[in-house]
Amino acid sequence: MAKLVISGPNKLEGEVLISGAKNSALAIIVAAAMAPEESVLINVPRNLDVFFMTKILEELGVKVWFDGDGLHVDGSTLSSHQVPYNLARRMRASFYVAGLLLARLGVAEVPLPGGCALGSRPVDYHIKGFQNLGAQISIEHGYMKAQAASLSGCKNYINRSSVGTTVNLMLAASTAEGTTILENPAKEPEVVDLAICLNSMGARIRGAGTDVIRIDGVKRLRGTEHTIIPDRIEAGTYALAAAITQGRVLLRNVVTDHLRAPLLKLEEAGAIISEGPNELEIAVPQRMQAVDLETAAYPGFPTDLQQPFMAMLTLAEGTSVIRETIFDRFRFVDELRRMGADLKVERDTAIVRGVSGLTGAPVEATDLRAGAALVLAGMAAEGTTEVGGVEMIDRGYERLEEKLRALGAKISREGDEKDPEELARELDYLCP
Ligand code: EPU
């Protein structure tokens with residue numbers, strides 16, 4: 001298996017172009033298949049998860065192909081309602097096709113996502129929402145089997161802000177009869193992007209990004225052309241890469257408003273941030289300072305940046321307290337400890353005592369964002385760091401080492417060079 005080899009310490013300087021948002025793309029690729037016509041999606045990141053979603057849709061009969069800048073999705077040939085276990089089990093977002101299949105075919109057989117490196121991640125809110133829309137649901141042999149002659153608008157209170165539930169219910173309710181209300185939906189920018197895309201396909205969705213989403217069902221959706229928003233988590237990762245290496249990096253193609261909480265925390269920790277139209281510069285002239293943070297649903301501090309932020313804080317001056325409220329994302333701290341970090345974890349809280357230096361070591365990426373965090377730590381550490389499990393990183397970062405190298409990092413990929421199709425076949429991953 002491939003690994004990333006980093007020779008540190010590095011100081012990052014230069015510009016980096018941020019790719020389209022993975023988590024937007026995963027939802028919107030499925031949304032595009034809601035129309036029995038062709039759609040073109042621009043700015044889709046070419047990462048393993050996106051590739052994997054295209055494979056799942058193809059299995060259902062949808063035509064999906066990259067052509068230049070665009071990912072084309074043609075839902076006119078959608079024919080199967082059964083998602084094979086060996087495909088679905090590798091990626092949780094595969095559960096989005098449940099909303100698609102119920103809306104288009106009135107029937108769906110989708111494997112329930114199983115265990116996850118981020119802890120227990122049930123889909124009970126999704127299922128409750130489908131039932132509220134009128135679907136008959138049974139759980140049989142590890143599959144969710146859902147059926148509905150037609151879906152009817154309904155009122156849904158989502159217990160806890162959930163991106164996946166909001167996505168699935170927006171898909172299913174777009175063509176339901178009557179009006180669906182989603183109370184306490186996720187307000188993440190990726191949900192707003194999905195609503196914009198669905199509306200451009202003829203859906204009538206109001207309130208995405210607020211506390212209540214109203215969906216007036218329409219008879220059918222049509223094809224569209226839609227540009228995916230920039231990836232705020234990728235942007236945050238590069239901002240933290242600048243911070244941990246005390247460098248200066250200009251991020252291009254960013255929506256700064258999507259990054260308010262992490263940027264404020266970076267400023268609190270001593271980074272100098274300048275904003276321009278669609279760009280952002282992070283300069284860190286001296287050692288960062290400790291800060292406390294707690295993850296929360298958007299617009300709170302994103303759980304997806306908690307691990308890279310923790311990597312940065314291992315080198316900050318003073319003691320930081322991090323509370324993780326969304327997932328179990330502290331498992332990778334043992335890897336940081338092997339590099340010399342001083343970390344203590346108690347339940348959902350990590351105490352990070354800043355050390356004056358890290359030392360390179362062989363470490364293993366246990367999940368996508370942990371992998372990014374270890375690469376960041378490796379760039380700041382003295383000596384050689386080898387990050388194994390690089391396929392985890394490839395799930396959500398497009399050309400990570402290439403972009404870092406252009407910023408001056410001494411990073412290379414060693415081991416098997418495989419094309420994404422080959423990799424996806426071999427990998428047995430689940431989450432994010
Ligand atoms: N939850 C339930 N029941 C449900 C659904 C969610 O209890 O039916 C809980 C979860 O266990 C969690 C909380 O609600 O504690 C929020 O989970 P959410 O549904 O928002 O997460 P998700 O949709 O499974 C997406 C992203 C994750 C990101 C989270 C939180 C995608 C494909 N995945 O997951 O992205 O961390 O929202 O923002 O959009 C990543 O990119 O690294 C990643 C993990």
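The first residue in the sequence is number 1, and the count goes up from there. As a basis for the values below, the full set of heavy atoms in this structure was taken, side chains included, without hydrogen atoms, waters or symmetry mates. Order of listing sets the numbers, starting from 1, for every ligand and every atom in it. Predicted, not measured: the structure shown is a model, and the values here were computed from it.
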**OP:** Would you sort out whether R329 and E324 count as a salt bridge (charged side-chain N to carboxylate O under 4.0 Å, His left out), showing the intermediate values?
**Re:** CA-CA 7 Å; R329 270 184 154 159; E324 171 58 67; 5.3 Å; no
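- At a heavy-atom distance under 4.0 Å, no atom of Q306 approaches ligand 1.
- Short contacts between ligand 1 and K22, defined as distances under 4.0 Å to a heavy atom of the residue, involve ligand atoms 40 (C), 41 (O).
- Using a 4.0 Å cut-off to heavy atoms of L368, the atoms of ligand 1 that qualify are 42 (O).
- Salt bridge present: K55 and E58 bring a charged side-chain N and a carboxylate O closer than 4.0 Å.
- Among S161, A186, A370, the residue whose heavy atom sits closest to atom 16 (C) of ligand 1 is S161.
- The residues R331 and D334 are annotated as not salt-bridged, no charged nitrogen and carboxylate oxygen being separated by less than 4.0 angstrom.
- Only the side chain of F327 comes within 4.0 Å of ligand 1, judged by heavy-atom distances.
- Interface atoms of ligand 1 facing G164, defined by a heavy-atom separation under 4.0 Å, are 19 (O), 23 (O).
- Partner of L41 under the side chain to side chain contact (heavy atoms under 4.5 Å, CB included) criterion, out of I28, D69, V64: I28 alone.
- Here the shortest heavy-atom distance to atom 6 (C) of ligand 1, taken over S162, A297, G396, belongs to S162.
- Taking every heavy atom of R329 and a limit of under 4.0 angstrom, the matching atoms of ligand 1 come to 36 (O), 40 (C), 42 (O), 43 (C), 44 (C).
- Which of D304, T325, T165, V163 comes nearest to atom 18 (P) of ligand 1 through a heavy atom is settled by distance: it is V163.
- In the vicinity of T303, heavy-atom distances shorter than 4.0 Å reach the ligand 1 atoms 30 (C), 36 (O).
- Salt bridge status for D216 with R214: present, with a side-chain N to carboxylate O gap under 4.0 Å.
- Salt-bridge check for K22 with D304: failed, with every basic side-chain N at 4.0 Å or more from each acidic carboxylate O.
- The option with the heavy atom closest to atom 3 (N) of ligand 1, from among N168, D124, I127, is D124.
- Within ligand 1, the atoms closer than 4.0 Å to a non-hydrogen atom of H126 are 8 (O), numbered from 1 in the order shown.
- R413 and E391 are not joined by a salt bridge, as no carboxylate oxygen comes within less than 4.0 angstrom of a charged side-chain nitrogen.
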